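Just so it is clear, the structure is predicted and the values come from calculations on it, not from any experiment. All chains are named by letter (A, B, ...) in the order of the sequence lines, taking the proteins before the strands, and each is independently numbered beginning at 1.
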There are 2 protein chains.
Amino acid sequence: MTYQSADASGKSLGTDVLRARPCPHNAAASCSNCRLSDLCLPIALNKSEIQQLDNIIERNRPLGKGEHLYRQRDEFRSVYAVRSGSFKSYTLTSDGKSRVTGFYMPGEILGMDGIGTRSHGVSTMALEHASICEIPFSQLERLSHQLPNLQSRFFAIMGNEIVKDQQIHTLLSSYTAEQRLASFLLSLSTRYARCQRSPDRFLLQMTRGDIGEYLGLTLETVSRGFSSLQKKAIISVKSREIAITDMTALKAILGD
Amino acid sequence: MTYQSADASGKSLGTDVLRARPCPHNAAASCSNCRLSDLCLPIALNKSEIQQLDNIIERNRPLGKGEHLYRQRDEFRSVYAVRSGSFKSYTLTSDGKSRVTGFYMPGEILGMDGIGTRSHGVSTMALEHASICEIPFSQLERLSHQLPNLQSRFFAIMGNEIVKDQQIHTLLSSYTAEQRLASFLLSLSTRYARCQRSPDRFLLQMTRGDIGEYLGLTLETVSRGFSSLQKKAIISVKSREIAITDMTALKAILGD
DNA sequence: GCTGGGTGTTGATTAAGATCAAAAAGCGAC
DNA sequence: GTCGCTTTTTGATCTTAATCAACACCCAGC
């Protein structure tokens, strides 16, 4: 099997190929012909249900790198599905430092932090050129009320978000720096695999600082961690390019 | 205003009063006459809707201290509302250590970690004699489909859970031990206030070890932290009894 | 090409909290 | 009440990652 980012050359990590197509734009104008539909909101919906969902989704202009989708304290209107590119969500702490609460890749849902409070608890920014499906929440609620499958699906999505957050809680409260990095890379790897990209060769769209803010480490520790994993021949790093060369060893870091 | 745990004596923290009624049993046989109904699932529901919700809720026998409500990997069937007492949820890490993912007090909803995966991601145990309202999830879904207000309410509850988890994420990735403890005590304080109990005088139902596992600290650090806050005259600690003597200073620890 | 700001690496030192250890306190069972 | 267990406190030492600092890199714009 070959992936979009695959590269025949031995030495190089395939820089230009990775650069040229960080995550290809998904030109779908509707869920029905979107290649992410089997990992996004429409899972478990039938054709007619997808059609109705399609009708409430707004497909806005793409965002450039660094552009905000919404900001902390903005009024909550919609949840969003990533169509292409990637995003980070972050908050500012009382002393002005920022902390990353999550990274989002194609097919993933974001913005659910506003559902309960009606205002966004975090800011969300594109890490690269990216496009998004906006789902106005009042309409999603109305439609969920008509389509039990959609209601069920959205409960499941929120439940999975809760599980993911609990796993991060455990990670931050007991893992070492090296374990956190291993877990982070493995998470990216599975998520890239899910959207048909190589699970062992990818380009990080976030800085070392972003990763540190997410994992509760400083950027220096993140950098040292990558260097150390490379020295152990578990990964190969060249600035933002990561290749996982020993998946078994990487998993072993998280314990038997 | 006096609270259930209030105590006239000066020196003592009021041990026996606190002991005798850690959180009084809420004898409600239905949501309609439950004194927690304005902070629990029924918020925003009208009388007839509450009646219908009541019909699907199972009020089982109370649990003793240390008893499990469900265990990690159990099949997911229900979510639960705490009626009286308190609970902790925890996971076991790969190396056998346990990590606490949350504490739950009267009026709070737990068990939502199973909604997406259909199996519980954590175990949940009563920290004291406790009673619970069990809400079979398939019936909750069915009823939510009939009652838009209930659907909306449950979306909001899950959204708030996500926000809470993100706040913990930020806390664990950037706060010092002292800040984590201050934040923890303030959280308990507001939650006690919500169920009509004293916000500045309460009994911890969990061990120092539990608190440490929740906050990503060792039990020794938790103990030292309490001692240090006491030395600064911000709180008064006598084993499990906590009195917050300087609320302003406690909040100031979290930064201006 | 050069220049400059953001980004990344690496080294030296420090500090916060973990770990190891021992004793005290609290509490249930008898 | 005593016994035995769990929980809590406190002290001494060790370790990990933070902090401080310097330099290298990389791409964007001129």
Side-chain angles (χ1 to χ4, degrees), chain A residues 12-13 15-16 18-20 22 64-66 88 95 97-100 125 127-128 171-182 203-231 235-242 253, chain B residues 12-13 15-16 18-20 22 64-66 88 95 97-100 127-129 171-182 203-231 235-242 253:
Chain A
S12 148
L13 283 171
T15 315
D16 20 59
L18 286 168
R19 283 279 153 62
K65 180 174 172 173
K88 73 166 178 183
D95 56 342
K97 276 182 296 195
S98 103
R99 290 284 124 181
V100 172
M125 171 191 280
L127 290 171
E128 60 188 306
L171 177 138
L172 291 175
S173 70
S174 55
Y175 284 18
T176 63
E178 188 177 53
Q179 289 178 313
R180 293 178 201 198
L181 281 171
L203 197 58
L204 300 174
Q205 294 298 337
M206 64 295 282
T207 67
R208 303 288 192 267
D210 289 335
I211 298 171
E213 285 182 20
Y214 179 68
L215 295 177
L217 303 169
T218 59
L219 66 91
E220 292 95 328
T221 302
V222 172
S223 177
R224 275 185 248 270
F226 282 157
S227 299
S228 148
L229 288 173
Q230 177 160 244
K231 202 170 295 170
I235 64 173
S236 164
V237 196
K238 198 181 166 209
S239 89
R240 299 281 182 95
E241 303 160 44
I242 299 282
I253 290 174
Chain B
S12 147
L13 282 171
T15 316
D16 20 59
L18 286 168
R19 284 279 153 61
K65 180 175 173 174
K88 73 166 178 182
D95 55 344
K97 277 183 295 197
S98 104
R99 290 284 123 181
V100 172
L127 291 171
E128 59 188 308
H129 186 84
L171 178 138
L172 291 175
S173 71
S174 54
Y175 284 19
T176 63
E178 189 177 53
Q179 290 178 312
R180 292 178 201 198
L181 282 171
L203 197 60
L204 300 174
Q205 294 298 336
M206 64 295 282
T207 67
R208 304 288 192 267
D210 288 335
I211 299 171
E213 285 181 21
Y214 179 67
L215 295 177
L217 303 169
T218 58
L219 66 92
E220 293 95 328
T221 302
V222 172
S223 177
R224 276 186 248 268
F226 281 156
S227 300
S228 148
L229 288 174
Q230 177 160 244
K231 203 169 294 169
I235 64 173
S236 164
V237 196
K238 197 182 166 208
S239 87
R240 298 281 182 96
E241 302 160 44
I242 299 283
I253 290 174

Exercise for the section: With heavy atoms under 4.0 Å as the rule, sort A/Gly212 into base, sugar-phosphate or nothing. Expected result: nothing
Problem - Phosphate OP1/OP2 of D/dT9 contacted by B/Arg208 side-chain N/O (<4.0 Å) - result: yes
Exercise for the section: Give one of base, sugar-phosphate or nothing for A/Gly216, where a contact means two heavy atoms less than 4.0 Å apart. Expected result: sugar-phosphate
Exercise for the section: Compare the minimum distances between each of C/dG8, D/dA17, C/dG17 and the side chain of B/Thr176, then state the nucleotide with the smallest one. Expected result: C/dG17
Completion exercise
Picking from C/dG11, D/dT8, C/dG8, the nucleotide nearest the side-chain atoms of B/Arg240 would be D/dT8
Practice task
Taking A/Arg180 for its side chain and A/Tyr175 for its backbone only, find out whether a donor-acceptor pair lies under 3.5 Å.
Solution key: yes
Practice task
Starting from P on D/dT10, measure out to NZ on B/Lys231 and report it in whole angstrom.
Solution key: 7 Å
Practice task
For C/dG8, take OP1 and OP2 only and decide whether either is under 4.0 Å from a side-chain N or O of A/Ser239.
Solution key: no
Practice task
Would you mind reading off the distance between B/Leu215 atom CG and C/dA18 atom C1', rounded to a whole angstrom?
Solution key: 15 Å
Exercise for the section: Let me know the distance between CG of A/Leu204 and P of C/dT7, rounded to the nearest Å. Expected result: 14 Å
Fill in the blank from the handout: In this structure, CG of A/Leu204 is separated from CD1 of A/Ile242 (nearest 0.5 Å) by 4.5 Å
Completion exercise
Looking only at C/dT7, C/dC20, D/dC20, the nucleotide nearest the A/Glu220 side chain is D/dC20
Problem - base_contact_polar (C/dG11 base, A/Arg224 side chain, donor-acceptor, <3.5 Å) - result: yes
Exercise for the section: Let me know the distance between CG of B/Leu172 and C1' of D/dA17, rounded to the nearest Å. Expected result: 16 Å
Practice task
Using a 4.0 Å heavy-atom cut-off across all strands, classify A/Leu217 as base, sugar-phosphate, or nothing.
Solution key: sugar-phosphate
Practice task
Ignoring backbone atoms, test whether B/Ser227 places a side-chain nitrogen or oxygen under 4.0 Å from the OP1 or OP2 oxygen of D/dT10.
Solution key: yes
Completion exercise
Per nearest nucleotide of DNA chain D, the residue lying toward the 5' end, B/Thr221 or A/Tyr175, is B/Thr221
Practice task
Could you work out which one of D/dT19, D/dA17, C/dT7 sits closest to the side chain of A/Ala177?
Solution key: D/dA17
When the side chains of residues 216-226 of chain A are checked against the rest of the protein, which donor-acceptor pairs come out under 3.5 Å, sequence neighbours left out?
{"residue": "A/Thr218", "atom": "OG1", "partner": "A/Thr221", "partner atom": "N", "Å": "3.3"}
{"residue": "A/Thr218", "atom": "OG1", "partner": "A/Thr221", "partner atom": "OG1", "Å": "3.0"}

Handout entry: Test item: A/Leu171 and A/Gln179 side chains (from C-beta on) under 4.5 Å apart, heavy atoms
Key = no
Handout entry: Expected output: side-chain A/Arg99 to main-chain B/Ser174 donor-acceptor under 3.5 Å
Key = no
Practice task
Just compare D/dT8, C/dT9, C/dT7 and give me whichever is closest to any side-chain atom of A/Thr207.
Solution key: C/dT7
Practice task
Determine the contact category for A/Thr218: base if any of its heavy atoms lies under 4.0 Å from a base atom, sugar-phosphate if only primed atoms, P, OP1 or OP2 are that close, otherwise nothing.
Solution key: base
Handout entry: C/dT9 phosphate, OP1 or OP2, under 4.0 Å from A/Ser223 side-chain N/O
Key = yes
